[in-house]
Amino acid sequence: MKSRTVSSLNFRSLMLAACSLSAPMQTNACTQSEETMDASSALALQAQSPAPTGTASTTQDSADALAQPAQDLLNRLRRLQQLDFPAELVALGMPALAEGGLLAVNGEAHALVARALFDGGEEEASAKLLGAALSTAERPWLELEQARQLLQRDQLQQVLDLLLTRSGARYPVRHAQLPESWLYAARALARSGSLQNAAPLCEEFLRLAPLHPDADSAWHLLASRALELRDSERARQCMERGSYLSNWNGVLRARRLQVERTPNDPLPRLGLALTWMEVKQFDRAQPHLEQLVQEHPDFARGWFHLGEIRRMAGDFASAGKCYDRTLIADPGHGPSRYNRALLHLQVSRPEQAKRDFEVLVENGQANQPELIGTYLNLARIHLAAGRTDAAQANYALYRDKGGTQPLEAKAQ
Amino acid sequence: MPLALPSMPSAPGPRLPVSLSNPVRAKHAARKRYLAFGLAATLSFGSCSGDSDPEPSQASAPPALTSQTQSAADTPQRSTITPAPAGVSEPIQAQKPPSGPIAWSGRMDDVAQERGLTYNNRSGRAGKPTVLEAGGAGVAALDLGNDGDPDLVFSQGLESLPALVAGAGADLEVFENLGDARFEARPGPGLSGWWTALAAGDVNGDGRSDLFAGAFGDLQLLLQNESGELTPTSNSGLMPDPELEPYAKFEVGAEREAGHAPRWITALVPFDADLDGDLDLFSGQYLDLDPVDPPLKELGQGVLSVPCQWKGLDVYCGPHGMKPQADRLFLGDGKGAFSDASDRLAPVSPGFTLAAGAFDADGDGDSDLYVAVDSTANMLWINSDGERFDEAAGMAGVATNLDGRAQAGMGVATGDIDRDGRLDFALTNFSDEPTELFTASPTGFQCVTHRMGLGNSTRRLLSWGVHLIDFDGDSWLDLFTANGHVYPQADRPLTGTSYAQPDSLWSLAQGRAREVQLEGEHSILKLKRGSRGSAVADFDGDGRPDLVIAHIDAPASLALNRLGDEVDNKRLVIRLEGPSLPNPDSARQTPRDANGARVVVVPNQVEGNSQAPFALLCEVRTATGFQSASSPSLFFGLGQSSGYQEIQVLWPSGAVERLPAGEANRRLWIREGSGLIKSEEFN
């Protein structure tokens, strides 16, 4: 008795779950757990490594050459497919595919509408769309959707015939630039009982699109192959990674749905941005945060997270301005003040840093576990200024609250 | 003639820690058990659809357990290539396209009305605004009065959830089989509630089948008395002390505050968890639904709420976003009292359980449990002497589909699909999710849904009740699914499915799923309705398994099996009984109704037929499908075989019993320690 609605999930638990398993895996969704995050690295309230590449970038690229109205429409069709709104997708997409329509010669648009029609039981109409005479450059989209439909029909050999091509003694995947080609071929092989051959295709798919909505499926096939090889540890890791991505994609869909329903409300859009930030897709999060602060300039959390993205991109000046805006909107926003202080230290403005740290001490926020680095940094500032007693007093407070970093390390 | 009881040929199966190796070791334990039976030496447990078994068929040869190369090479698509990341380096031949539908000349018409089966389900409002109202009902086929004819009990709901809150609940509905599958309504047991799952078994060992009835807010045990009446017990221990959990039970007619969800029972499986000969009970539970203030149209608060939608259409809320309830395990004392032993289930995150089935998944001689969960991962509970159950679905490959996606599990049925001497199972699911077939493999189970062509056939169906039974008697199992969507909105354009759906039957012979087509405008495979629970029993005594199906908001169906006659397929029906008295020499005991006993039938070789000899395997289980109980009789199709070479019974006590050759088309009664106690021709 299933419905496709998804409630908000606890990201913190998701993130921790991911941290516990990500180390040996290809896709490094996190670099440290909260348990290991000490005071001096508390700056890393968000993740720090560069974003993984290849996340559905191919689908974005294909629209680059389109005129803006056509690209907007294609993006809308993609969104409707992500949200599983088939009727709306068909209603919007069909006129655009007609002769002279905005997307009449666009393969991806044909594939999107064909998919909605097929899944909606209109298989003949779908086949007609996939038979459209499009340019060679656009054909891969149609063939990919054909392969997906053949999978649904259990026509596994036909999938392989469509997606693999003979080249000497080898059978490379056609349309290798489209991540789904690898996955669909892998699925056909797995469903035929050949996990051995499916596994390397899954790995290539995950390399191309580690956060693809079907990435969990690829991880599962890798887990199945590991089970076949009696490698239980590898199987467990693959299963956990797949489970994490499945949950993450569920949350992403819920956030998108919320934004769709209330596009002008800040919270859903913030949630969507944070969802991308959880997996270090800062370039996907940034436009949402920029739109958010533009529409809601007093929304402190929007400014803070935008500051975080800019800080992690190395744009300290811009990050500092974002923290300033956060504190104007919400003077009690501890993380912003703390991060701003660290930025001051980074550009050798210890007195300004000290003022921010002292505010955190005065209002008690320095006692919060994630901000106890306040005392350590104050201690180091005092030490650097020769104020030994003050340094020792602050360092003692830091240790009392569970800090483990040495006092003598260079302040950041 | 009574057979001598041999001693147990080998020690009970190994105690399996939950790890990757469990399924592997388990299956080898299973094979060892068959070897002990002496079957593997004489039979080739046939393979199908290219599935090869790496284990040797010679009893003396050690199984190749440790070689990874061996494992890899023995995947069904046998290949010797070493794949390269850039692509596939050898031609791949996927399976041949599955064969198309197959027309059978026999009939399975709905004759419920003419046979006096007048049950009519009520399951809430037409628009199905809450998840409870989409559940329909279950049905139990059990012998009331011990006259040999299976009778029927249906669960029942109300016209709406608010009607339950307002009071005046529903009773179970009882229909007596007058013989020859003619039914007459009898007074119900006098319960009041919204009834869901039913399960049958001899709880107190008096030789009469008793009934468990689950509800939205109740779980009752009804013991059958000498007059064949079902009498509710007052102190079964199946519901918590109201002082401790005041809202667990839904007291019909009593004032109830908002904010409290009762226990919602959706799956009941009687089985002997601890092998003491007394039936225990697995109780699957669904989710927290506040009957006073149920969620409507959206879940959550304010702008972060999420609309309850499916394919862009507004539908009832759940299960996603709602709180699942934990399943429970109760141990029986053999007299009708139960104690909560849920702490024997290893801690796991609860799921939205909708169905469950017991079978010996790891071949160690005790009963394990497979639990079909809605929208989250399914569970496989591996039993360690009843002391502990460990969850191993992920490592056994049966937590999700082959794509790693949790599906909406609705029903479970077990059977030896590929006749390899190991139990396999079918799992029904939501629309856009095929009914899955999992066959036992050296590393647990493998999904053969798509290889057998079942994915395409079932992807547009939402299926509930499910049975793996040889309906036409050709010696291959068939697959029946009871279908119908939960959302009336499924009839809107571009959903790819529909609210009312015909039920389905597939032949699984020779490793292919071929959809069966039957003649007759009243065929159950043509009538479009919303099916839910279903049960199998021989209602008219002709030796053929018949079907009864509960439809949501509609009259029930009764399909008397008229298949297989045109080719004169032979059959055998076996009814097992545990001993009247416990076996003092065995630590393990068989329940009086033989729940968990395994039977292997070796049909005679058909003259002029070059087919290799084969064996048919069945376990005595009544809980199958969705919220329903089937007859404990075992149905074997022998095809053209005139009889059987041998019948072997592995009793849960560990005793093994062998029957010598006999004729087909008979109903046999076998009692542990007494052998064949009765044999008669079909009506």
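No experiment lies behind these values; they were computed from the predicted model shown. Chain identifiers are assigned alphabetically (A, B, ...) following the order of the sequence lines, protein sequences preceding nucleic acid strands; residue numbering begins at 1 within each chain.
Salt bridge absent: A:Asp119 and B:Lys311 never bring a charged side-chain N and a carboxylate O closer than 4.0 Å. Salt bridge absent: B:Arg459 and A:Asp154 never bring a charged side-chain N and a carboxylate O closer than 4.0 Å. Salt bridge annotation for B:Asp403-A:Arg191: present, with a cationic side-chain nitrogen under 4.0 angstrom from a carboxylate oxygen.
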Subject >> side chain to side chain contact (heavy atoms under 4.5 Å, CB included) assessment of B:Arg405 paired with A:Asp216 >> reply: CA-CA 8 Å; B:Arg405 295 284 157 76; A:Asp216 60 325; 2.6 Å; yes

Subject >> Criterion side chain to side chain contact (heavy atoms under 4.5 Å, CB included) on A:Gln152 and B:Arg460, from CA distance to verdict >> reply: CA-CA 10 Å; A:Gln152 299 271 62; B:Arg460 303 221 183 266; over 6 Å; no

**OP:** Evaluate side chain to side chain contact (heavy atoms under 4.5 Å, CB included) for B:Ser305 paired with A:Gln258, printing each intermediate quantity in order.
**Re:** CA-CA 7 Å; B:Ser305 67; A:Gln258 289 164 345; over 6 Å; no

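Listed here is the closest heavy atom pair of A:Pro268 and B:Val303: CG-O, 3.7 Å.
For the atom pair CG of A:Leu229 and OG1 of B:Thr443, the computed distance is 9.5 Å after rounding to the nearest 0.5 Å. Here B:Leu494 contributes atom CG and A:Phe118 contributes atom CZ; the two are 13.0 Å apart, rounded to the nearest 0.5 Å.
Annotation: A:Arg256, atom CZ; neighbour count of heavy atoms from other residues, nucleotides and ligands within 6.0 Å is above 12.
Using a 4.5 Å heavy-atom threshold, the side chains of A:Arg236 and B:Met395 count as touching. Side chains of B:Leu304 and A:Arg255 form a contact here, defined as non-hydrogen atoms less than 4.5 Å apart. Counting heavy atoms from C-beta outward, A:Leu257 and B:Gln309 have side chains that approach closer than 4.5 Å.
Remark: the backbone N or O of B:Asn401 is paired with a side-chain donor or acceptor of A:His220 at under 3.5 angstrom.
For A:Ala116, the part lying near chain B is the backbone, with the side chain staying farther off; criterion is any non-hydrogen pair under 4.5 Å.
Ranked by heavy-atom pairs under 4.5 Å with chain B, the first of A:Gly121, A:Ser217, A:Ser246 is A:Ser217. Of the listed residues A:Leu151, A:Leu183, A:Val90, A:Asp265, the one with more heavy-atom pairs under 4.5 angstrom with chain B than any other is A:Asp265.
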